[in-house]
Every structure is written in C-alpha cells, then in structure tokens.
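Take a look at the structure below.
Just so it is clear: chains get the letters A, B, ... in the order the sequence lines come, proteins before strands, and each one is counted from 1. What you are looking at is a predicted structure, and each value in this text was computed from that prediction instead of being measured.
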Number of protein chains: 2
Amino acid sequence: MSWKRDDSGQPRGYHHGNLKEALIRAALGLIGEKGPSGFTFAEAARMAGVSPAAPYRHYRDRDELLADVAVRGFSAFEADLVKAWDGGKPDAETAFHRLGRAYLAFAHDQPAFYSAMFEAGVPLDANAELRAAADRAFLVLRNAAETLIAALPQGERPPALMMALHIWAMSHGVAALFGRGDAGRRPLPMSASDLLEAGMLIYLKGLGLPPDKAG
Amino acid sequence: MSWKRDDSGQPRGYHHGNLKEALIRAALGLIGEKGPSGFTFAEAARMAGVSPAAPYRHYRDRDELLADVAVRGFSAFEADLVKAWDGGKPDAETAFHRLGRAYLAFAHDQPAFYSAMFEAGVPLDANAELRAAADRAFLVLRNAAETLIAALPQGERPPALMMALHIWAMSHGVAALFGRGDAGRRPLPMSASDLLEAGMLIYLKGLGLPPDKAG
DNA sequence: CAGCTCATGTTAAGGCCCCTAACATGGGCA
DNA sequence: TGCCCATGTTAGGGGCCTTAACATGAGCTG
C-alpha cells in the first residue's frame with residue numbers, strides 16, 4: 001500500500017488515505033470542546049478536509065461514528081485500569097486505590113472519550129464490539145472486587161458483582177458530578193479524586209476491609 | 001384575566017394563552033421519549049399548536065427552555081426529597097433510606113426532568129434560579145447527612161458536606177448507570193433501588209452508623 | 001504495462017432545525 | 001371607544017443530516 005500519509009500532512013489527492021482515523025480524531029476534539037451534542041458530522045469532515053458526504057463511506061451515520069469513539073474509549077479505559085490495577089500488586093488495597101485514581105484520571109484527562117462512553121446516550125448494543133469493550137473494562141473492576149473480597153472471612157463476603165457495581169456507581173457519580181473542574185459545576189471542598197478515595201475507604205471499611213497503608 | 005384555557009383544550013384564537021406551560025410539557029414529553037438531544041424547539045411548538053417562531057416570545061433560545069425545565073425539575077426533586085426525609089422521622093436511619101428510594105424513584109419516574117437536570121449539559125449558571133434550585137435540593141441531602149452524623153461520637157464525625165457529596169455521587173451513579181431499566185444498558189442482579197440501598201448500608205456501616213431497622 | 005473495478009471521493013438536493021426580521025392580531029387599560 | 005404592546009404569524013438565511021448520482025484513481029489481472 002502506498003499510504004497517502006495524511007496522518008496530519010496536508011498534500012493529498014482525490015483520496016484522503018486515512019479518513020476514518022482523521023474523523024475519530026476530529027470527533028474527539030469536538031466532543032472535548034463542546035460536548036457530545038456539539039459534535040457535528042459536517043464539521044468533522046471539514047476538519048479532515050473532505051466534503052460533508054465523505055464520512056458516509058466509513059460510517060452509516062453520525063451515531064455509528066459516536067459508537068466507534070465509545071468503543072475505542074472503553075478499550076483505552078480498560079488498558080488504563082489494567083495498568084493501574086497491575087495484578088493487585090503490591091497488595092490489593094494499594095492497587096485498588098490506584099484503580100480509583102486511574103478511573104478519575106481517565107474521566108478528567110479524556111473527557112471526550114468519557115462523554116462518548118457514558119453521557120452521549122449511545123446505547124450499549126449499538127455495536128457488538130461496544131458491549132464487549134464495555135464488559136472488558138467492567139471486568140477489571142469486578143476482578144479487583146473479587147480479590148479484595150477474598151481477604152474477608154467466609155460468611156462475610158458480599159457478592160463480587162454487587163461490590164463492583166457499587167464501585168463503578170460511586171466512581172461514575174463522582175466523575176460525572178464533580179469530575180470536570182470548572183465546567184459550571186459545583187465547587188468542592190476537596191479534589192474529586194480525594195473525594196472518591198475517601199468514599200471508597202469508608203465503603204471498604206463498611207465491608208470490614210482494612211484501611212490502606214499508603215496514601 | 002380571561003384565560004384561554006389552553007391547558008389542553010383545542011379551540012384558541014390568535015393567542016395561545018398558556019404557551020410557556022405548554023412548551024414545558026412538550027419538552028418533557030420529547031426529552032422523556034428521545035433524550036435531551038432529541039428535543040426540538042420546532043417540535044415543541046408543533047405540539048403546542050403554534051408556529052416555530054412562537055417559542056422565541058417566551059425563551060431566548062432552546063437552551064433557555066432546557067434550563068427552565070431543569071429549574072422546575074430541581075424544585076420537584078427537592079419537594080420529593082423533603083417529603084421522603086420528612087424531618088428525619090421516625091428515626092434518621094429509616095428516613096435516610098426513604099430518601100435514597102425517593103432519589104431513585106425520581107430518576108426513574110421523571111426521566112425527562114432527571115435528564116435535563118444532570119445529563120443535558122445545562123451549565124448550572126445558565127440561570128440564577130437554576131443554581132439556587134439545585135442548591136436547595138442538595139441541601140436536603142446535606143441536612144440528612146448532618147442528622148445522621150449527629151448520632152456519632154465526637155471525634156468520629158466526618159464532614160457533613162463530604163458525606164452528602166458521597167451520598168449524591170453514589171445515588172447519581174446508580175441512577176445514571178442503572179436507573180432506567182431497559183434502555184440498552186446493563187442487566188443487573190438486583191433492582192437499582194436495592195443496589196443503592198445495599199451500597200448505602202455498607203457506606204453507613206463504614207462510618208460507624210447502625211444498620212437500618214426496617215427493610 | 002493497459003485496462004478494469006470498486007473503494008473512496010465529489011456535487012446536488014431534500015428535509016428539518018435554529019434563529020431573526022418584519023408584519024398581524026387582539027386583550028386589556030386609559 | 002380606541003390605542004398599545006404582548007404574543008402570535010410568515011418569510012428567509014444558514015447549518016446539519018442524509019441520500020443519489022457521478023468522478024477519480026489505486027491496485028489487481030492478464
């Protein structure tokens with residue numbers, strides 16, 4: 001293949017060479033700036049330097065592009081979570097708090113991905129890959145929950161799935177309500193990351209788990 | 001005033017008589033059906049039986065109507081929460097669990113309001129009334145948190161604001177991720193309401209508060 | 001290397017939406 | 001009774017989504 005090298009280089013002929021990727025990048029930029037509803041198929045095309053009809057060669061419609069952004073977002077998210085969890089080393093509690101910080105860091109640093117994944121109204125079954133990618137990301141939380149639970153005595157163990165859902169709910173709640181600093185939202189007495197960490201410590205204590213050893 | 005009585009009655013002359021309310025109702029219906037981005041100024045006008053330009057006599061633009069919906073939503077929300085809390089009777093724990101159920105019931109039964117309030121991207125300072133209404137609703141949670149905290153011994157009391165933020169975050173997380181049953185979201189092993197209740201019980205236990213006496 | 005084919009572009013056009021400007025109506029007060 | 005202005009209306013510019021019909025050229029095939 002003789003790539004047209006339009007990864008950001010200008011000169012191109014009739015064909016773009018990398019339009020799909022260029023559209024994704026444009027969509028991320030627009031969603032990050034103006035929210036999911038501020039993203040426009042036509043403007044993404046303009047940014048990529050093609051006509052408004054060109055994107056339809058790669059996506060059935062605007063929603064399909066959004067769903068693709070969400071898929072890629074879940075994959076990146078999963079990768080971040082896996083890295084943060086790091087197999088539960090050096091111990092489950094430390095790793096778990098890294099996981100919480102990674103969750104919020106993703107929501108904060110990749111607002112466009114996070115929006116597409118959770119706030120754009122993309123139905124999870126829009127795309128077969130989408131649900132799979134979302135499930136893989138959730139599985140990281142679930143595995144972490146299972147590892148933590150294993151430290152509890154038999155008979156005091158909550159269902160791992162329920163615990164994972166609690167973790168996710170609180171993380172998402174903090175991220176959605178307080179995660180993006182200055183966006184016309186509520187001022188906080190502490191950072192969103194610290195708020196989540198404190199909440200998770202209380203929750204884990206409620207389960208009977210020991211507090212973390214490191215901040 | 002000789003009301004035109006167009007609260008839903010058809011016959012009207014040149015003037016509608018109640019267009020603002022009719023637009024709000026139309027907006028709620030559309031948002032409930034198709035999400036915040038599916039709501040259209042033009043379609044709301046059509047539903048109210050007026051021309052597409054008429055709404056501009058009552059709202060500067062589409063966003064201002066959305067903000068008004070959010071204001072009304074926060075007021076209704078506050079009223080529901082106040083009623084559920086009911087002054088903390090007969091005891092704080094019982095009242096608190098009523099509060100949690102009321103939160104989810106609102107998100108579930110008034111999805112249009114909830115969307116406009118939390119998911120439509122309406123900035124809180126779009127409207128002076130908006131922030132005030134949101135603050136009043138949050139204050140109910142904060143007061144509940146304060147009452148619960150008062151049962152703890154001195155020196156073990158967390159900041160009430162932080163606790164209220166945790167409660168809100170988990171409630172919103174559950175509502176946003178799992179609150180609307182079949183909307184292409186994730187299947188749950190339990191109802192969203194039970195999930196939240198279980199999470200809150202664990203959280204309260206982590207704070208050292210006694211479990212609720214009634215289910 | 002010539003020629004064909006089909007993926008990937010383009011332009012044109014219909015339909016809907018947001019919003020503004022200019023005009024129309026009639027409810028309620030002077 | 002008659003006037004005013006809040007609240008309607010129509011007309012129109014500009015943008016977006018999407019489809020249809022047409023154009024280009026990259027790479028295979030012989």
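Taking the side chain of A/Tyr56 as heavy atoms from C-beta on, and the options C/dG9, C/dT11, D/dC17, the nearest nucleotide is D/dC17. You'll find that the side chain of A/Ala54 is closest to C/dG9, out of D/dC16, C/dC17, C/dG9. Of all nucleotides listed (C/dG9, C/dT11, D/dT18), C/dT11 comes nearest to the side chain of A/Ala53. Among the nucleotides D/dT7, D/dT9, C/dT10, the one closest to any side-chain atom of B/His58 is D/dT7.
When heavy atoms are screened at a 4.0 angstrom cut-off, B/Pro52 is found touching no nucleic acid atom at all. Residue-level contact check: A/Ser51 touches the bases, meaning some heavy atom is under 4.0 Å from a base atom.
Counting all heavy atoms, side chain and backbone alike, B/Ala54 lies closest to B/Leu19 at CB-CD2, 3.9 Å. Minimum heavy-atom separation, A/Asn127 to A/Glu129: OD1-N, 2.9 Å.
Put simply, CZ on A/Phe39 is 8 Å from P on D/dC17, counting in whole angstrom units. With rounding to whole Å, B/Phe41 atom CZ is found 19 Å from D/dC16 atom C1'. As rounded to whole Å, 15 Å separates atom P of D/dC17 from atom OH of A/Tyr59. In this structure, B/Asp61 atom CG and C/dC17 atom P are separated by 17 Å, rounded to whole Å. Rounding to whole angstrom units, CG of residue A/Leu23 and C1' of C/dT8 are separated by 12 Å. Remark: P of C/dC17 and CG of B/Leu65 are 15 Å apart, rounded to the nearest angstrom. Residue B/Asn18 contributes atom CG, which lies 11 Å from atom P of D/dT7 at whole-angstrom precision.
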Side-chain donor/acceptor pairs under 3.5 Å, residues 61-77 of chain A, sequence neighbours excluded:
residue : atom : partner : partner atom : Å
A/Asp61 : OD1  : A/Asp63 : N            : 3.2
A/Asp61 : OD1  : A/Glu64 : N            : 3.0
A/Arg62 : NE   : A/Phe39 : O            : 3.3
A/Arg62 : NH2  : A/Pro36 : O            : 3.2
A/Arg62 : NH2  : A/Phe39 : O            : 2.8
A/Glu64 : OE1  : A/Arg60 : N            : 3.1
A/Glu64 : OE2  : A/Arg60 : NH2          : 2.7
A/Asp68 : OD1  : A/Arg72 : NE           : 3.3
A/Asp68 : OD2  : A/Tyr59 : OH           : 2.5
A/Arg72 : NH1  : A/Glu21 : OE1          : 3.1
A/Arg72 : NH1  : A/Glu21 : OE2          : 3.4
A/Arg72 : NH2  : A/Glu21 : OE2          : 3.3
A/Ser75 : OG   : A/Val71 : O            : 3.3

Could you go through nucleotides 22-24 of chain C and list every protein N or O atom that sits under 3.5 Å from one of its N or O atoms, giving the distance for each pair?
residue : atom : partner : partner atom : Å
C/dA22  : N6   : B/Arg57 : NH2          : 3.1
C/dA24  : N3   : B/Tyr14 : OH           : 2.9

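Here the side chains of A/Leu177 and B/Leu165 are not in contact, with every heavy-atom distance at 4.5 Å or above. Within the 4.5 Å cutoff, no side-chain heavy atoms of B/Leu81 are placed close to those of B/Glu78.
Close to C/dC17, at under 4.0 Å from its OP1 or OP2, lies a side-chain N or O of B/Arg46. Between D/dA6 and B/His16, no contact under 4.0 Å exists linking OP1 or OP2 to a side-chain N or O.
Of the listed residues (B/Tyr114, B/Phe138, B/Phe178, B/Tyr103), just one forms a ring pair (Phe, Tyr, Trp, His ring centres under 6.0 Å) with B/His172, and that residue is B/Tyr114.
Looking at which nucleotide of DNA chain D each of A/Arg60 and A/Glu43 is closest to, the 5′-most match is held by A/Glu43.
No side-chain donor-acceptor contact under 3.5 Å links B/His166 to the backbone of A/Val174.
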